[in-house]
Asker: 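Before anything else, here's the structure in question.
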Protein chains: 2
Amino acid sequence: MSFDGQLPPKVRLLRAAAELLANSAGAPVSTRQITQLAGVTAPTLYHHFGDKEGLFDAVVAAGFEEYVAGERDFAPSGQPLEDIRRMWDNHVQFGLNQPELYLVMFGNIRPESRPSIVADAEALMEEMLNKAAAAGQLNVQPREAARSILAANVGVTLMLIAEPAGERNLELSTMTRDAMIFAVSSDQGRDAGPEEDSGKSSVVVAAIALNAALQASHSDQLSSSELKLFLEWLHRISNSSTN
Amino acid sequence: MSFDGQLPPKVRLLRAAAELLANSAGAPVSTRQITQLAGVTAPTLYHHFGDKEGLFDAVVAAGFEEYVAGERDFAPSGQPLEDIRRMWDNHVQFGLNQPELYLVMFGNIRPESRPSIVADAEALMEEMLNKAAAAGQLNVQPREAARSILAANVGVTLMLIAEPAGERNLELSTMTRDAMIFAVSSDQGRDAGPEEDSGKSSVVVAAIALNAALQASHSDQLSSSELKLFLEWLHRISNSSTN
DNA sequence: TATCACCTATAGCAACGCTATATGAACTGC
DNA sequence: GCAGTTCATATAGCGTTGCTATAGGTGATA
């Protein structure tokens with residue numbers, strides 16, 4: 001269970017720290033735990049990494065390398081926006097696979113501590129967005145789009161990490177992802193028509209709107225008998241004058 | 001500089017911890033610092049809060065109260081989506097004003113530590129989105145929209161906190177904010193992307209609106225058993241295009 | 001006055017991050 | 001082969017941390 005193998009102490013320290021950090025569930029990891037698992041004594045740690053934070057920075061840097069490798073791993077599909085989706089999904093998956101590392105990387109960033117990781121991650125996404133921009137698929141600057149998408153990506157990942165592993169609903173991710181990509185892409189048609197605002201209650205307005213929409217759509221979510229009764233109730237609500 | 005006033009020790013401890021945490025710049029805050037500033041000794045802290053984390057939890061809880069108060073402070077404008085924008089901006093401003101507190105609240109959430117803060121914040125936004133849904137301005141379920149918007153809101157705020165205070169570009173916030181709101185609102189064009197079929201049909205939008213309106217109005221046009229079945233069908237229609 | 005619950009202080013433990021100092025191993029120049 | 005130098009690791013211990021066993025002080029009630 002320990003790294004007493006033939007690897008150099010520096011590597012053993014890195015692996016021991018990474019393993020303990022990954023299984024710590026947020027509890028602090030002591031240098032004594034790390035050095036014991038690595039099979040070395042305290043001064044070795046300080047010789048190679050300066051101090052505890054230096055070691056943890058090295059762990060984070062290694063984790064980020066892995067992150068970057070994952071983001072570059074897939075072949076371009078020829079559809080830049082589709083590649084952005086895969087980058088997003090890779091990002092979320094990385095966070096869910098290594099939550100503790102991810103929390104250190106993106107959940108605890110202060111202006112004085114690690115701005116480079118964010119900048120590098122932004123550059124990674126901007127690079128991909130440049131292709132979309134070149135294809136005329138972007139309606140904002142790639143840099144701004146990258147920052148915006150990455151921010152949403154981080155927020156979603158943190159929210160999913162915060163949820164118990166059992167009830168994580170990845171639809172939050174896909175929904176937010178598509179919302180962000182849709183918002184920055186240029187192939188959207190905006191026709192914001194004025195809403196009719198009568199004096200009737202919102203229930204009645206909504207019921208009328210649903211009624212009209214249902215009649216025209218031939219939805220097959222309800223059986224014909226269900227639909228008949230549903231429409232009757234809808235009619236009752238639509239014609240009510242209360243509220 | 002110290003809280004040696006007439007306030008009870010419990011309050012003095014809370015204020016001392018909050019102040020030290022706010023100015024710590026991420027460095028750990030020791031119980032000795034806190035008790036010294038509060039003018040008490042160690043056992044007093046442990047008598048009132050159990051342990052250090054208990055005290056910090058209390059500080060976070062107080063901070064969250066302040067957050068909620070800020071989110072409720074403004075009068076409804078009558079335009080729900082505009083109110084969502086103000087909630088978003090309040091959230092960002094809260095994070096930038098108290099970055100250390102914010103990082104503890106939203107940057108470090110683990111499944112075992114503080115899920116309730118996220119749930120409460122989601123409920124706060126969902127409440128506001130229900131009004132938008134009732135007005136027919138939403139094309140997704142309010143709960144899903146709230147989770148998605150809040151996730152992006154948190155991500156943006158963390159990114160801004162990570163930047164040096166001088167070069168914080170709030171355009172990242174407004175851009176992401178409007179992108180998210182635009183994506184969940186119904187007054188948009190069609191065609192969400194290469195793989196998605198065109199946006200939600202008007203049936204779904206109307207059904208979501210009616211659902212939200214019914215929940216808020218206590219209409220008595222249907223009996224309770226009728227209403228139950230009606231809502232079930234409505235739910236089926238509302239979710240018909242979500243895979 | 002006596003009692004009792006509550007609150008706070010004295011003093012100190014084990015564990016923490018870290019280091020002054022010393023020892024060993026590996027490579028130089030001769 | 002042997003001194004000199006450098007790098008890497010170990011011994012032992014410093015000051016500080018979170019926390020607590022124990023006891024003392026306080027005000028309300030009887």
Side-chain angles (χ1 to χ4, degrees), chain A residues 2-62 100-101 103-104 108 110 112-114, chain B residues 2-62 100-101 103-104 108 110 112-114:
Chain A
S2 65
F3 300 105
D4 313 46
Q6 300 82 343
L7 298 91
K10 189 169 182 178
V11 177
R12 277 184 284 162
L13 279 168
L14 271 174
R15 296 201 182 172
E19 176 176 324
L20 288 173
L21 205 69
N23 303 332
S24 67
V29 177
S30 72
T31 58
R32 281 173 171 81
Q33 285 178 277
I34 297 171
T35 54
Q36 181 180 349
L37 180 58
V40 299
T41 51
T44 305
L45 190 161
Y46 294 90
H47 173 73
H48 287 291
F49 299 100
D51 61 355
K52 185 185 184 182
E53 195 180 319
L55 171 57
F56 279 47
D57 283 350
V59 172
V60 168
E100 298 298 332
L101 183 60
L103 285 175
V104 178
N108 249 332
R110 290 179 172 77
E112 66 274 7
S113 71
R114 297 179 230 283
Chain B
S2 66
F3 299 105
D4 314 44
Q6 299 83 343
L7 297 93
K10 189 169 182 178
V11 178
R12 278 184 285 164
L13 279 168
L14 270 176
R15 296 199 183 174
E19 177 177 322
L20 288 172
L21 205 70
N23 304 331
S24 67
V29 176
S30 73
T31 58
R32 280 173 172 81
Q33 286 179 273
I34 297 172
T35 54
Q36 180 180 349
L37 180 58
V40 299
T41 51
T44 305
L45 190 161
Y46 294 91
H47 173 72
H48 287 292
F49 299 99
D51 60 355
K52 185 184 185 182
E53 194 180 320
L55 171 57
F56 280 46
D57 283 351
V59 172
V60 168
E100 297 299 331
L101 184 60
L103 285 175
V104 177
N108 250 330
R110 291 178 171 76
E112 66 273 6
S113 70
R114 298 180 231 285

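In what follows, every chain begins at residue 1, and chains take the letters A, B, ... in the order their sequences are listed. Just so we're clear, the structure is a prediction, and the values are computed from it rather than from any experiment.
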Asker: Round to the nearest Å and state the distance from B:Q33 atom CD to D:dG15 atom C1'.
Answerer: 15 Å
Asker: Within the structure shown, what part of the strands sits under 4.0 Å from A:T41 by heavy-atom distance: base, sugar-phosphate, or nothing?
Answerer: base
Asker: To the nearest angstrom, how far is A:L45 atom CG from D:dA10 atom P?
Answerer: 12 Å
Asker: In whole Å, I'd like the distance from the CD atom of B:Q36 to the C1' atom of D:dG18.
Answerer: 16 Å
Asker: Rounded to the nearest 0.5 Å, how far apart are CG of A:L13 and OG1 of A:T31?
Answerer: 10.5 Å
Asker: Round to a whole Å and report the spacing from CD1 of A:I34 to C1' of C:dG17.
Answerer: 11 Å
Asker: To the nearest 0.5 Å, tell me how far A:Q33 CD sits from A:E19 CD.
Answerer: 11.0 Å
Asker: Return no unless some side-chain N or O of B:T31 is found under 4.0 Å from OP1 or OP2 of D:dG18.
Answerer: yes
Asker: Report the distance from atom CG of A:L103 to atom CG of A:L21, rounding to the nearest 0.5 Å.
Answerer: 9.5 Å
Asker: Between D:dA21, C:dG17, C:dA20, which one does the side chain of A:K52 approach most closely?
Answerer: C:dG17
Asker: Whole Å only: how far is the CG atom of B:D51 from the C1' atom of C:dA15?
Answerer: 16 Å
Asker: Could you give the distance from CG (A:L37) to CD1 (A:I34), rounded to the nearest 0.5 Å?
Answerer: 9.0 Å
Asker: NE2 of A:H48 to CG of A:L55: how many Å apart, nearest 0.5 Å?
Answerer: 11.0 Å
Asker: On DNA chain D, compare the nucleotides closest to A:R32 and A:T44; which residue's is nearer the 5' end?
Answerer: A:T44
Asker: Below the 4.0 Å mark, does C:dT19 have OP1 or OP2 next to a side-chain nitrogen or oxygen of A:Y46?
Answerer: no
Asker: Tell me whether the side-chain N/O atoms of B:H47 come closer than 4.0 Å to OP1 or OP2 in D:dT20.
Answerer: no
Asker: Would you kindly give the CG-to-P distance between B:L55 and D:dT17, to the nearest whole Å?
Answerer: 15 Å
Asker: With a 4.0 Å limit, can you tell me whether B:H48 has a side-chain N or O closer than that to the phosphate oxygens OP1/OP2 of C:dC6?
Answerer: no
Asker: For B:A42 and for B:K10, locate the closest nucleotide of DNA chain C by heavy-atom distance; then report the residue assigned to the nucleotide nearer the 5' terminus.
Answerer: B:K10
